[in-house]
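Not measured: the values here are computed from a predicted model. For the single chain, residues carry numbers from 1 onward in sequence order.
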Amino acid sequence: MSLWKKFLANVELRRFVVLIGIILVLFLARHMMSIILLTFIFTFLVLQLVSFVRRWVKLPAPLIVMVVYALTIYLLYSAVTKYLPVIADQTVKMVESVYQFYQNPDYETNEVFKWLNSYIKTSDIMNQFKGGVAVALNYLGSIGMMGVTFFFSLILSFFFTVESHHMFQFSRLFLTSRYAWLFQDIYFFAKKFVNTFGVVIEAQVFIAITNTVLTTIFLGIMKMPQLPTLAIMVFLLSMIPVAGVIISCVPLALIGYSVGGIQYVAYILILIVIIHALEAYVLNPQFMASRTKLPIFYTFVVLLVGERLFGTWGLIVGIPVFTFFLDILGVKSIGNRKVKQTEKH
């Protein structure tokens, strides 16, 4: 038997080499990791939604997909056209009010303002402020790039899901090709990762619902306007672990300023701090542990390490990757979860 045939016959060695190859390819494509992960997330969620709807209503899968994406685009359009102008207007008004307050001629009589003025002149705060402005501009640029990534991921996931039946049929051809062993091993790893990722997405949905309910109750007590739309915004941002709560702080604070002034901004900041602590130290470990059957200690450590190594994406894929390797190593497997494809359109 030739060395090559011995390699193909050794399934464990072969799959190990394929796994290393997949990791290497993902490393080389790390600059596209956001679009890859977002496309995967959108595709997974829509396929799960289509499967759920078809349990109760036997509608063609492409029709369900088109309705879902049309509704998503409408919600995004409404959010941009309705809230972006409000946020921009409130930002301008906030800056103007701070400027007018500082330009008050009576401020010289206030010892606190004198001290602040002296401190600003003698400290390095202006250089720090310039550095902060540069960081803010970088963040704005990152937000713009993320918007482009989000758009392309949405388009790619739409084309995949709208013809998912044909996609699955065509992809099966690779499993019977000349190099079927390679694609069978890739399919083996992909199926396990989808299984673990589905469990974590389910946990994140529970976390998002909890965050949304708590935030909406607090905003209702504050008598914030257009509460249902704000609740939808909070829910969507809460799907981003930990960081989503912080991102939602900016629009909520600006809208709160228009309603109750700086006092409401302080209330919202306190709320965000509480929700952030609750999500990071209670909800994430508890929900993730209950869905993955991992000890809370392991879950919490993986979240910390994932965030340190990969940032926000580490919080999203850290647990799936960890449980994936536990399954591959034979330490622990999670109950099978299948992304069902529809045979009839």
Side-chain angles (χ1 to χ4, degrees), residues 14-15 18-19 21-76 146 148-202 204-205 239 313 316-317 320-321 323-324 327-328 334-345:
R14 191 185 71 198
R15 285 181 175 173
V18 171
L19 179 60
I22 293 172
I23 294 173
L24 179 61
V25 170
L26 291 176
F27 175 77
L28 295 175
R30 61 189 180 277
H31 297 298
M32 296 181 61
M33 193 57 65
S34 292
I35 195 169
I36 292 172
L37 289 173
L38 279 176
T39 302
F40 174 77
I41 291 171
F42 293 152
T43 302
F44 176 85
L45 291 176
V46 173
L47 289 178
Q48 288 292 95
L49 181 60
V50 169
S51 176
F52 175 78
V53 171
R54 283 178 61 84
R55 290 179 195 171
W56 306 97
V57 183
K58 296 300 180 181
L59 292 174
L63 177 61
I64 300 173
V65 170
M66 286 188 283
V67 170
V68 169
Y69 278 92
L71 184 61
T72 301
I73 292 173
Y74 171 75
L75 291 175
L76 290 173
M146 196 61 189
V148 175
T149 301
F150 184 90
F151 173 76
F152 280 113
S153 300
L154 207 61
I155 295 296
L156 289 173
S157 64
F158 171 76
F159 285 124
F160 186 101
T161 53
V162 78
E163 54 176 9
S164 59
H165 179 68
H166 179 62
M167 282 292 299
F168 287 123
Q169 278 188 330
F170 183 81
S171 300
R172 287 195 191 99
L173 298 177
F174 290 94
L175 301 178
T176 56
S177 64
R178 184 177 180 181
Y179 294 95
W181 63 269
L182 173 62
F183 297 107
Q184 288 170 1
D185 288 347
I186 293 175
Y187 175 72
F188 170 80
F189 291 121
K191 185 169 66 172
K192 285 187 175 294
F193 183 77
V194 169
N195 178 37
T196 56
F197 191 86
V199 172
V200 175
I201 283 292
E202 184 181 84
Q204 191 58 44
V205 168
M239 289 300 294
W313 281 122
I316 297 174
V317 302
V321 169
T323 52
F324 168 78
D327 198 349
I328 295 300
I334 296 177
N336 291 330
R337 173 188 298 268
K338 297 172 70 175
V339 179
K340 296 182 180 179
Q341 55 174 314
T342 52
E343 297 296 335
K344 296 181 181 180
H345 292 271

Could you tell me which residues satisfy side-chain contact (heavy atoms from CB on, under 4.5 Å) with Leu24, sequence neighbours excluded, listed by chain and number? Leu28

Run the side chain to side chain contact (heavy atoms under 4.5 Å, CB included) check on Thr161 and Val50 step by step: do they pass? CA-CA 9 Å; Thr161 53; Val50 169; over 6 Å; no

If you count every heavy atom of other residues, nucleotides or ligands that lies below 6.0 Å from Phe160 atom CZ, does the total exceed 12? yes

Donor-acceptor check, side chain of Ser171 to backbone of Phe168, threshold 3.5 angstrom: yes or no? no

Could you state the interatomic distance from NZ (Lys192) to OG1 (Thr196), rounded to the nearest 0.5 Å? 9.5 Å

I need the Asn195 CG to Thr323 OG1 distance, nearest 0.5 Å. 8.0 Å

Which atom pair, heavy atoms only, marks the closest approach of Arg15 to Asp185? NE-OD1, 3.4 Å

Check: Leu49 and Val68 side chains under 4.5 Å, non-hydrogen atoms: yes

When the ring planes of His166 and Phe170 are compared, do they come out parallel, tilted or perpendicular, using 30° and 60° as the limits? tilted

Atom of Leu175, atom of Gln184 and distance for their closest heavy-atom approach: O-NE2, 3.2 Å

Cation-pi geometry met for Arg55 and Phe52 (6.0 Å, 45°): no

With heavy-atom distances below 4.5 Å as the criterion, would you say the side chains of Phe188 and Ile328 are in contact? yes

Where is the tightest heavy-atom contact between Phe42 and Phe150, given as atom of each residue plus distance? CZ-CE1, 3.3 Å

Interatomic spacing from CG in Leu154 to CZ in Phe151 - rounded to 0.5 Å: 8.0 Å

The reported gap from CD1 in Ile186 to CZ in Phe174 (rounded to nearest 0.5 angstrom) is 9.5 Å

Kindly determine whether Phe324 and Phe189 satisfy side chain to side chain contact (heavy atoms under 4.5 Å, CB included), including the steps that lead there. CA-CA 9 Å; Phe324 168 78; Phe189 291 121; 3.7 Å; yes

Backbone N or O of Ile35 within a donor-acceptor pair of the Thr39 side chain at under 3.5 Å? yes

Could you tell me the separation between the CZ atom of Phe158 and the CD atom of Glu163, rounded to the nearest 0.5 Å? 9.5 Å

What's the shortest heavy-atom distance between Ser34 and Ser153, and which atoms? O-OG, 4.5 Å

Taking side chain as C-beta onward, heavy atoms only, is Ser157 less than 4.5 Å from Val46? no

Between Phe40 and Phe193, what is the ring plane arrangement, given parallel below 30°, perpendicular above 60°, and tilted in between? tilted

